[in-house]
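A short worksheet on the structure shown next.
This is a predicted model, so every value here is computed, not measured. Each chain gets a letter, A, B and so on, in the order the sequences are listed, and its residues count up from 1.
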Amino acid sequence: VIAEHAEVVKQAQILVFVYASSMYTLPARLKGWLERVMVPGVAFRFNSDGKVRPALGSVRKIVGIATYDQSWWKVKLVNDNGRRILCRALRLNTGFRTRTRWVGVYGGGDPIEATGKIARALSS
Amino acid sequence: VKTLVVFAHPNRESFVGAALERALTGLTRRGHDVTVLDLYAEGFDPCVASLPPKHRELVHESELLVLVYPTWWSGQPAILTGWLQAIPRARVGRVVCVTTHGSSKLINQFEGETGKRMMTRALRSRFGLFMRSSWVAFYATDTSEPQRRELFLVEVEERLARL
């Protein structure tokens with residue numbers, strides 16, 4: 001399964017992550033997925049100096065759709081760790097030309113209300 | 001002080017495993033009452049909603065929590081993320097992280113140091129606003145020389161012996 005997922009990721013041009021955050025970060029299952037699928041040879045490779053170099057050059061856009069139990073300002077105060085991992089750590093492995101779009105539903109809100117935002121994030 | 005050490009690396013023979021050994025030496029030198037929880041060896045399932053009763057009890061009776069783990073994708077390994085997400089509210093007064101990063105401090109700062117924020121900020125929602133935290137971290141493991149790694153192990157032992 002891991003190899004299949006890696007193959008899909010390597011061919012993808014847009015990565016969309018949809019999750020319910022817990023303790024301001026990704027659910028353990030999604031974090032574990034990143035650790036198992038995004039391994040050397042898929043997401044990055046080591047150059048001759050032993051430094052990490054990006055290998056997901058085909059990804060043009062990363063979109064995150066996340067729900068939070070906490071309010072917007074509390075998420076900002078603590079640091080939106082899930083968003084940082086996907087929009088910065090992962091983006092270092094796709095290249096700086098990759099755009100990122102984020103849709104957050106804060107304070108236990110209903111994701112249905114964010115339908116318009118989601119549509120815009122996916123199309124822009 | 002009653003201390004719980006949580007280890008989250010699949011291999012005890014690794015660099016992080018060596019850091020664990022030195023951390024334990026330091027804590028014992030200081031005379032702390034140490035219990036070690038090896039999440040991989042226990043086969044802990046990170047997708048549970050609440051911790052197993054045994055882990056719960058350990059968290060409740062500990063005053064000092066030491067997390068020893070490698071930083072992967074700029075955060076705690078999933079097995080530890082899941083453990084922390086399932087942790088109950090408790091009266092832990094201090095959390096210490098002993099961790100290694102593959103890339104440099106600069107790269108990690110750009111990425112937002114999410115592992116550090118998880119420990120210094122997010123964990124306060126469980127342990128209270130006045131929880132103290134210490135960060136014992138090694139950066140740029142990928143390109144490190146043996147001397148620098150050895151120095152870090154010494155630092156781990158000395159800093160944990162001073163707690």
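- Considering only heavy-atom pairs separated by less than 4.5 Å from chain A, the leading option among Ala140(B), Gly112(B), Ala122(B), Gly82(B) is Ala122(B).
- Under the 4.5 Å side-chain heavy-atom criterion for Ile, Leu, Val, Met, Phe, Trp and Tyr, Leu51(B) and Val92(B) are members of the same hydrophobic cluster.
- In terms of heavy-atom pairs under 4.5 angstrom with chain A, the leader among Met118(B), Arg117(B), Arg126(B) is Arg117(B).
- The two atoms that bring Trp73(B) and Leu34(A) nearest to each other are NE1-O, 3.5 Å, heavy atoms only.
- In terms of heavy atoms, Gln76(B) sits closest to Lys31(A) at O-NZ, 2.6 Å.
- Counting heavy-atom neighbours within 6.0 Å of Lys61(A) NZ, excluding the residue itself, gives a total above 12.
- Contacts between Asp80(A) and chain B at a heavy-atom distance below 4.5 Å are absent for every atom of the residue.
- A side chain to side chain contact (heavy atoms under 4.5 Å, CB included) with Arg121(B) is found for one member of Asn81(A), Val78(A), Leu77(A) and no other, namely Val78(A).
- For the residue pair Gln85(B) and Ser22(A), the shortest heavy atom distance occurs at NE2-O, 2.9 Å.
- Taking the side chain as every heavy atom from C-beta outward, Thr114(B) and Thr25(A) never approach each other to under 4.5 Å.
- Of all the listed residues (Arg88(A), Arg36(A), Glu35(A)), the one sharing the greatest number of non-hydrogen pairs under 4.5 Å with chain B is Glu35(A).
- Surrounding CD of Glu145(B) are more than 12 heavy atoms belonging to other residues, nucleotides or ligands, all under 6.0 Å away.
- For Arg124(B), no part sits under 4.5 Å from any heavy atom of chain A, backbone or side chain.
- Clustering ILVMFWY residues whenever any of their side-chain heavy atoms sit less than 4.5 angstrom apart, transitively, puts Val18(A) in the very cluster that holds Val103(A).
- With contacts defined as side-chain heavy-atom distances shorter than 4.5 Å, the pair Glu113(B)/Arg84(A) does not qualify.
- A continuous path of hydrophobic side-chain contacts links Val98(B) to Leu20(B) [ILVMFWY only; heavy atoms under 4.5 Å].
- Note: the hydrophobic cluster containing Leu65(B) also contains Leu58(B) (ILVMFWY, side chain heavy atoms under 4.5 Å, direct or indirect links).
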Carefully, step by step, assess Leu123(B) and Met23(A) under the rule side-chain contact (heavy atoms from CB on, under 4.5 Å).
CA-CA 8 Å; Leu123(B) 267 184; Met23(A) 284 282 267; 3.6 Å; yes

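- Residues Leu39(B) and Val68(B) do not share a hydrophobic cluster, clusters being chains of Ile/Leu/Val/Met/Phe/Trp/Tyr side chains in contact below 4.5 Å.
- Atom NZ of Lys74(A) is surrounded by 12 or fewer heavy atoms from other residues, nucleotides or ligands within 6.0 Å.
- Ranked by non-hydrogen atom pairs under 4.5 Å with chain A, the options Pro77(B), Ser74(B), Pro46(B) are led by Pro77(B).
- The number of heavy atoms from other shown groups lying within 6.0 Å of CZ (Arg132(B)) does not exceed 12.
- Ile107(B) has its side chain within reach of Leu92(A): a pair of non-hydrogen atoms, C-beta onward, lies under 4.5 Å apart.
- Most heavy-atom pairs under 4.5 Å with chain A, from the set Gly75(B), Ser103(B), Ala86(B): that is Gly75(B).
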